[in-house]
Structure formats: structure tokens, C-alpha cells
Amino acid sequence: MTFRTGFATAACALAALALAAPALAAQISIVREQDANNYDPHKSVAQAAAEVLFMTGDTLVALEPDMKTLTPALAKSWEVSADGLTYTFKLRDDVTFCDGRKMTAADAAYSLNRWIDPATKSPVRWRAGEVDTITAPDETTLVYKLKSPFSELLYQLTQSFGTIIDKAQVEKLGADFGIQGMNGTGPFCWENWTPRDKLSLTKHAGYKWGPAFYKNKGEAQVDKIVWQVVPEENTRAIALISDQTQMSTYVPYSALEQLRAAPNLQIAKSEEAFWTIFIGFKIDKPTMSDPAVRKAIAMAVDQHAMAKDLFYGEAKGAKSYISQATKDWNPALDDKLPKYDPAGARKLLDEAGWKVGADGVREKNGVKLAPTGYFFNGSTWRNISEYVQAELLKIGVKLQIQGFDPTVAWGKLATQEFDAFGMSYPYVSAGDALNLYFPSTNVPTPNRMNWKDPETDKWLAEGKAALDDKTRAAAYGKVLEKVHGANLWLPLVHEPRVVAYSKKLAPIVPHNNYGCALYKGLDLKYVN
């Protein structure tokens, strides 16, 4: 449904949103497509969670908008030993939690140790490296010792998973931590959350320890931020145009032309973001276990046409699992990636014994080529999954779509119930991406493909432990070649970061860390 044809439907849906419109000039309402399953930094990998955690909490190290430059945050400075095993951080002594308690190195040690504790069951525990010990010898010193070098540790510590949290609150709330509250040190404080509706934050009085790249060196410049969930893209667009909301980082591409032309709005876009949308395959399932099926699917979808049709040319069709502009991309793959060839895909399936039935769907040995795919609810994934479904049906593959609200989807995606799954993810390098999805230790999530390959694990370990660029790039290059050759994913598009916002607000430079364009929100302010 295009923006124009969906205008009337979306306009009717605005009645509920209007009730959430800001009553205060110092409040900013932000509409987004979906919610998170929770706001525990060690348990949620959702972008929606990171968006809030970056605002409500802080990390030891920050990443500048160029996605390359590391800068101090809670840690004023750090030193790394020559063998790459020991990181010594010197922390600020003027940081407080939202409840007023002073933050010390003991809080940082507790937070990072909870992250890696097997009892926490963090799906992103690997991002902390192979830890030996994390200790706080005094109030402003944190010593982070590794068992083996981790070439990307500092980058990983800039992620929301490295957020420093309050031990007392974790113990008080138990399983409800990140659901009923989040006492952090960030520029905003948790007020309340109604799942699948909205989450409200208030200004952290006295905050003055934001990353140096922000022009604002003190408190947030708005009193309140409301993250409002609006799944329908046309409703989000009209909410912006009609001033029912001030901002969205989930900008519908179908309406981008109208949003750019709206006299009350401005658009900020960053091409420096590395964000890829893909469909992955659980390779030990009866249908997806056949390499011919996975390769045929990779040949059956014209990603460039999809980028034009669904993303209005604003995104780029993806044949690769990561952007070819990413650090440590393997250039040897440039001419080896699958080309759009539906006729070749049909021939491949014919040769593999998958015969077309009377209903147009292939089958083999009594098994229908009708994989079940799990996807997020919301217009973006509905459009993508239906587009792919239509393309695959042309080669005799019937993709069965099941959509879930994000509050339950992450749990469903940790099961073995499905054959394929839709996902999008951010990264800054090949190693960042590959160490997320392809280690055998990350089964069942985020390695939802159940890819267990000793060579992959060996090369990933080599890349992580590398102390020089050449060794790291060579190791990750081998992994890229192998996982691409196995056709574990159907890559779809590489997406930029786009923010639409009111001209009443100051100009915005989108950040790209984990796709959270507003990052800490310290430069958000009204100018008229």
C-alpha cells in the first residue's frame, strides 16, 4: 500500500496517537515501528531496546557518528597491554545514577560481570570477549583481563550491552529488571513503559558526562521524551506531516518524497550506517538442509528491484551479507555472489529432485518445499516477506509467513520451530557481523541457522585474537567466503539511517551505532 492510497486509513488511526501528542514544549514525541521485548541491556538484542538504553545509560567508551572513532565516555582514558590481554580504564568520579547514587568502578565491574555470567544467559555474551577477570581495585579504576586478545573489544564496549547498571535495582526487580524500571546514568531517566504502546523518559538533572563529540556538554535540553509505537508506516508519516509527533527514525520510504516536501519537516540521512536486511535459513530442517534449495532461493529474488520497489531507491539491493564497503570485506567474493537467475534456480531444483506439484509447489520424497518463516509484525517486514514470498512462488517454493509482535518474536526466534527467519542488523566491520551470527557457540540464537562448522570457528577465533590488520582481515575473509558459499542467508538490502523531524527542532546528525540514530539525544532541542 502506497502512502497516497493509505492516507485515509492512517488518518483514522491518528486519533489514538493524538492523545499522546506532547502537551509541553519541552517534550519530544518519537514514533517508531516496534517495541522491544525488554530493556535489560544483557538480555535484549532489539534495536528498540538499544534506542532507549543509550539514552538511559552510559558505557565506558563511546563511538563517534563516523563509526570509526572511539571516544571517552564513563572512562576518561584507557591503556591496553602490549599482549592485548589487559585493558585498564580510568573512570570519571562525578557520575551519578538517576536515583542520585554515585557510580563507581564497582558498578562497572558488576555490570560487565553480569553480562558474561552464564546465569544471565545473555545472547550477546560473546561480545565481551573471552574474559579472565573484571575487577575494580579502587573507585575509579577498572581492570579488564582477557584470556585471549579480542581485536574489537573497545568497539563492543560502546554497544548498549555494555551499559552500566545498578546492582541494587537488578536484585530488587529480579526478572522484572528492564521491564518495570532501569536506573541508569544516562541523560534521561526511566519514567514508565506500556509494552507495545509507549515508553516515557524524563531528563536526568545534573547530567554532565556525555561523549565529547556532542555540542551539548550538560543536561538534556528537553524535559521529556516519549517513544510511541506506531506499527503502520502511513500512520507514522501522517503523524509527522500533521505535527502529531516531532520525529521518527523509522521513516517510511513510500512517503519520503512527501516528507521531504512537507514545509514543517526536515530529513537527515546517513550513508555511513552499515545495516543489512536478510532472511536466514535453519540448515538442519528437511527443506533448508538441501544446499540446492538455499542456492536456488538466493538466485530467485532480484534485490535491486526490491530496493527500488519497496525502498523507493533509498536503499541498496544486497547480494552480500555485509556491505562491501565494510572493514575487512573479502574482495575475492565480488564476482562470486549469486546473480538473479530464476530460470537457473528452477533448473537447479529440478536437478536436485524437487518436482513441481499440481499446486505449483515443489516436493521431494513426500516433503513439500513450503518452509515456515518467522517475521516481525509491522509494515516493513510484512512488505518484505510478501515480496519474497511472491518471488519464491515463481520457482515453486511456497514461503509460509508467520508474524509476531516484537515483545514475543525474540523468544520465538530462539526456538527450533521455523525453517527461515527475517532479520536486520547493524555492524561496523566484518568481524563484528561474523562473530555475531556464525560461531557454533551462538546456536540457537543469534546463530539461528544452526551453522556448526569447525573451520568457521577456527577462523573466527583467529580474527578475534589478531593483533594486526592483515591477520584479522585474512581470517575473516575466509569466513565470509565459506558462509556465502553455503548460502546460509538470502541478503536483501543495505539500508541507510534516515530521520524525519520537525523544523521546530535543531538540526540532527544521525548516529549509526546499532542503528540508533538519536544515540544519547543530547543535541535534541527546540529552536522555535
- Basic-acidic side-chain contact under 4.0 Å: Asp58, Lys520: yes
- Residues in side chain to side chain contact (heavy atoms under 4.5 Å, CB included) contact with Ala36, at least two apart in sequence or another chain: Tyr39, Ser44, Ala46, Ala48, Ala49
- Message: Asp107: which residues meet the side chain to side chain donor-acceptor pair (under 3.5 Å) condition with it, sequence neighbours left out?
- Response: Arg101
- Item | Euclidean distance, Leu434 CG relative to Tyr427 OH, rounded to 0.5 Å | 10.5 Å
- Query: Within 45° of the ring axis of Trp115 and under 6.0 Å from its six-membered ring centre, is that where the NZ or CZ of Arg125 lies?
  - Reply: no
- Would you name the heavy atoms of Ile277 and Phe311 that are closest together and state the gap between them? CD1-CZ, 3.9 Å
- Task: Under the side-chain hydrogen bond (donor to acceptor under 3.5 Å, both in side chains) rule, what do Arg448 and Thr445 come out as? Steps first, then yes or no, please.
- Result: CA-CA 5 Å; Arg448 303 174 186 89; Thr445 181; 3.2 Å; yes
- Item | Check: Val124 main-chain N/O paired with His42 side-chain donor or acceptor under 3.5 Å | no
- Which residues satisfy the salt bridge (charged side-chain N to carboxylate O under 4.0 Å, His left out) test with Glu271, sequence neighbours excluded? Lys269
- Taken in chain and number order and not counting sequence neighbours, the residues that satisfy side chain to side chain contact (heavy atoms under 4.5 Å, CB included) with Ala75 are Leu60, Trp78, Phe89, Leu91
- Is any NZ, NE, NH1 or NH2 atom of the basic residue among Glu314 and Lys308 found under 4.0 Å from an Asp or Glu carboxylate oxygen of the other? no
- Task: Could you tell me whether the side chain of Asp176 and the main chain of Ile179 form a donor-acceptor pair under 3.5 Å?
- Result: no
- Query: Taking NZ, NE, NH1 and NH2 as the nitrogens, is one of them in Lys203 or Glu219 under 4.0 Å from a carboxylate oxygen of the other?
  - Reply: yes
- Which residues share a side chain to side chain donor-acceptor pair (under 3.5 Å) with Lys316, sequence neighbours left out: none
- Message: Tell me every residue that passes side chain to side chain donor-acceptor pair (under 3.5 Å) with Arg92, counting only those two or more places apart in sequence or in another chain.
- Response: Asp94
- Item | Asp468 side chain to Thr471 side chain, donor-acceptor N/O pair below 3.5 angstrom | yes
- Message: Assess, by modelled atom type and distance only, whether the side chains of Trp227 and Asp35 contain a donor and an acceptor separated by less than 3.5 Å.
- Response: no
- After noting the C-alpha distance and the side-chain angles of Asn435 and Glu152, does the key distance pass the side-chain hydrogen bond (donor to acceptor under 3.5 Å, both in side chains) rule? CA-CA 10 Å; Asn435 282 299; Glu152 299 192 22; 5.3 Å; no
- Query: Just by distance, with hydrogens left out, do Asp93 and Thr140 show a side-chain donor and acceptor under 3.5 Å apart?
  - Reply: no
- Message: Using the side chain to side chain contact (heavy atoms under 4.5 Å, CB included) criterion, which residues pair with Lys319? Sequence neighbours excluded.
- Response: Gln303, Leu337, Tyr340
- Query: Looking at residues at least two apart in the chain, or sitting in another chain, which of them share a side chain to side chain donor-acceptor pair (under 3.5 Å) with Thr407?
  - Reply: Arg196, Asp405
- By ring-ring contact (aromatic ring centres under 6.0 Å, His included), Trp329 pairs with (sequence neighbours left out) His484
- Parallel, tilted or perpendicular: rings of His204 and Trp209 (30°, 60°): perpendicular
- Task: Identify the two heavy atoms, one from Ala136 and one from Ala106, that lie closest to each other, and give their separation to 0.1 Å.
- Result: CB-N, 3.7 Å
- Item | side chain to side chain contact (heavy atoms under 4.5 Å, CB included) partners of Ala168, counting only residues at least two apart | Asp166
- Item | Donor-acceptor pair between Lys90 and Thr141 side chains, under 3.5 angstrom | yes
- Query: Who passes salt bridge (charged side-chain N to carboxylate O under 4.0 Å, His left out) against Arg472, sequence neighbours left out?
  - Reply: Asp328, Asp469
- Message: Side chains of Glu33 and Thr380 only: does a donor on one sit below 3.5 Å from an acceptor on the other?
- Response: yes
- Task: Give every residue pair that meets the disulfide (SG to SG under 2.5 Å) criterion with at least one member in residues 492-528, sequence neighbours excluded.
- Result: none
